[in-house]
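Below: the structure, in structure tokens.
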Amino acid sequence: MSATVVVGCQFGDEGKGKVIDFLAANADVVVRFQGGANAGHTVQVGDALYAFHLLPSGVLRKRTMNVIGNGVVVDPAQLLKEIDETRARGHPVTNLRISDRAHIVMPYHKVLDGLEEKLKGGLGAGTTLRGIGPAFEDKVGRFGIRMCDLIDPELLRAKLQAVVPIKQRLIEAYGGHERLDADALFAEHEAYGKRLAPFVIDTSAWLDSALKRRKRLLFEGAQGTHLCIDHGIYPFGTSSDCVAGAAAVGAGIGPQHLTDLIGVAKAFTSRVGAGPFPTELDGPMAEHLRERGGGEYGTTTRRPRRVGWLDLVMLRMAVRVNGLTRLAVTKLDVLGGLDRIRVCVGYRHDGGVLKEFPASMRVLSEAKPVYREFKGWPDLPEPEWIGIAGRGRRALPESTQRYVAFIESQLHVPVRILSVGRSRAATMGR
Ligand code: GDP
Ligand code: IMO
Ligand code: MG
């Protein structure tokens, strides 16, 4: 019995949704285990484009069950909107289960997210304003409302009566003017609970029995290693653990099942939000990377993504903290049409070269990348790449193969999935 975990190696938006959808063809269950509606996972099927925030990316595959684990914070209004929109596009979404232990993102969390960002000034991460930080703060602070409370009107009312006045005081202390109304919040959320109740179960117990029945589990990470609350750039990341080990905690299964650990990395680096970014580019090269392949704009917030060269210092750390056993490299097509391509192999700092990603944001912002330069490859439009993808890795331009081989040699992990376009067909993998 073994399970596959897919995590991001960088700052999120590596193409996890696409890789999950590709792997879901051979999975029985797809499980989200952390994060919330801050995630935006794009899946393209034919000409149809889907952007999932809370629904696991296996939801379009009828025979695949999709689980939202206890480690996810669920915004019920957003989840219901996604269910409705996906149904309107012809998918029944009956293949969904939600953990009774998952915490709820409440409207006051979004208010507090905005207020905290403003007050933090230069320490703000440029959040998605989806209420993620305050919802995880409430989980740890034990103010949280869980899915099992949402579907139990009596408990929900009691909890809201206790928590809402506290949140009101906090909003006022932060200089906010929003008025919370516990009765209105109760009425709104009781209705959400009624609609979501049929999906809510003890997903840990359900996953345990799925493992015993030898079902193939696929864990869908959100965000990325360098946004992880423990291992990411702090305080410019997100509020949950985004590394592979979190899959066991966030789904309620034993860690011995997690044996196939896939890291997804873009062939370059991008991020939305604030914080130091050693290989960041500006000018025409940045425009090239941003505008190619459908554009680099946040799936959740539509903000333009900051872009830069591939950073192997970041990836080396991702290999270590996730224990990666294979890699998926996406967006190789986006680098097409460039004469020279650079890859960062270390950081110059204080007269020496750092090989490991530093904890200190001061060191990181002072670090200067050490680059290796590579010959580029031709600009191939997606249909031509698709032909190549079907024929396997050796059909890629030689310089692309060299680039991928260099990544493998530096990280000591095989690249087993390559993506050269948005569509399912533009993927090659083992
Ligand atoms: P996720 O958050 O990791 O699932 O990634 P997002 O979906 O937020 O962002 C990845 C974006 O890149 C989406 O628009 C995908 O459709 C697109 N994408 C994924 N793989 C490729 C690829 O190989 N080439 C190109 N051009 N686009 C890709
Ligand atoms: P997926 O799953 C990219 C970033 C935000 C911000 C920081 C904190 O699509 O890869 P938050 O709202 O989580 O408190 O914001 O993290 N961020 C993401 N960036 N992809 C994501 O998810 C992200 N989720 C959060 O931009 O800098
Ligand atoms: Mg995304």
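Atoms within each ligand, like the ligands themselves, are counted from 1 in listed order. For reference, positions follow the sequence shown, starting with 1.
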Excluding water, the protein N, O or S atoms sitting under 2.8 Å from the Mg ion (ligand 3) are D13 OD1, G40 O
Which ligand 1 atoms, with their elements, are less than 4.0 angstrom from a heavy-atom of H41? 1 (P), 2 (O), 4 (O), 7 (O)
Check: H109/D138 side-chain N/O donor and acceptor closer than 3.5 Å: yes
Heavy atoms only: give me the nearest I68-P56 pair and the separation to one decimal. CG1-CD, 4.0 Å
Hey, is CZ on R424 packed in by over 12 heavy atoms from elsewhere, all under 6.0 Å? yes
Out of L261, L218, T259, which residue meets the side-chain contact (heavy atoms from CB on, under 4.5 Å) rule with T4? L218
Between E220 and H41, do the side chains contain a donor N or O and an acceptor N or O under 3.5 Å apart? yes
Run the side chain to side chain donor-acceptor pair (under 3.5 Å) check on T330 and K18 step by step: do they pass? CA-CA 9 Å; T330 62; K18 190 196 142 148; over 6 Å; no
Which of the atoms in ligand 1, numbered in the order shown and given with their element, are less than 4.0 Å from a heavy-atom of G15? 1 (P), 3 (O), 4 (O), 5 (O)
Give the numbers and elements of all ligand 1 atoms closer than 4.0 Å to a heavy atom of G421. 20 (N), 21 (C), 22 (C), 23 (O), 24 (N), 25 (C)
For S419, atoms of ligand 1 separated by under 4.0 Å from a heavy atom: 20 (N), 21 (C), 22 (C), 23 (O)
Does T269 use its side chain to pair, donor to acceptor, with the backbone of W309 at less than 3.5 Å? yes
Checking heavy-atom distances from atom 17 (C) of ligand 1 to each of E382, H53, E220, K331, the winner is K331
Can T279 and D311 be said to form a side chain to side chain donor-acceptor pair (under 3.5 Å), step by step? CA-CA 7 Å; T279 65; D311 185 339; 4.7 Å; no
Give the numbers and elements of all ligand 1 atoms closer than 4.0 Å to a heavy atom of G40. 1 (P), 2 (O), 4 (O), 6 (P), 7 (O), 8 (O)
Can you classify the ring geometry of F52 versus Y50 as parallel (below 30°), tilted (30 to 60°) or perpendicular (above 60°)? parallel
Sub-4.0 Å atoms of ligand 1 with respect to non-hydrogen atoms of V334: 26 (N)
Run D13 and S270 through side chain to side chain donor-acceptor pair (under 3.5 Å) and show every step you take. CA-CA 8 Å; D13 298 336; S270 77; 5.6 Å; no
Do NZ/NE/NH1/NH2 and the carboxylate oxygens of R179 and E172 come within less than 4.0 Å? yes
Quick note on ligand 1: atoms under 4.0 Å from a heavy atom of K18 include exactly 19 (C), 20 (N)
Among T42, L332, L49, which one puts a heavy atom closest to atom 13 (C) of ligand 1? T42
Does G17 reach ligand 1 with a nitrogen or oxygen that is under 3.5 Å from one of the ligand's nitrogen or oxygen atoms? yes
Nearest atoms (heavy-atom pairs only) where H226 meets A318: NE2-N, 4.5 Å
Looking at every non-hydrogen atom in both residues, tell me the closest pair between R271 and L227 and how far apart they are. NH2-CD2, 3.5 Å
Near ligand 2, which protein residues have a heavy atom under 4.0 Å away? F11, G12, D13, K16, N38, A39, G40, H41, A125, G126, T127, T128, A222, Q223, L227, F236, G237, T238, R271, V272, G273, R303
Does ligand 1 have any atom sitting under 4.0 Å from a heavy atom of E14? yes
For I417 against T427, the heavy-atom pair lying closest together: CG2-CG2, 3.9 Å
Take atom CZ in R169; do more than 12 heavy atoms of anything else shown fall under 6.0 Å from it? no
Quick check: T330 and ligand 1, any N/O pair under 3.5 Å apart? no
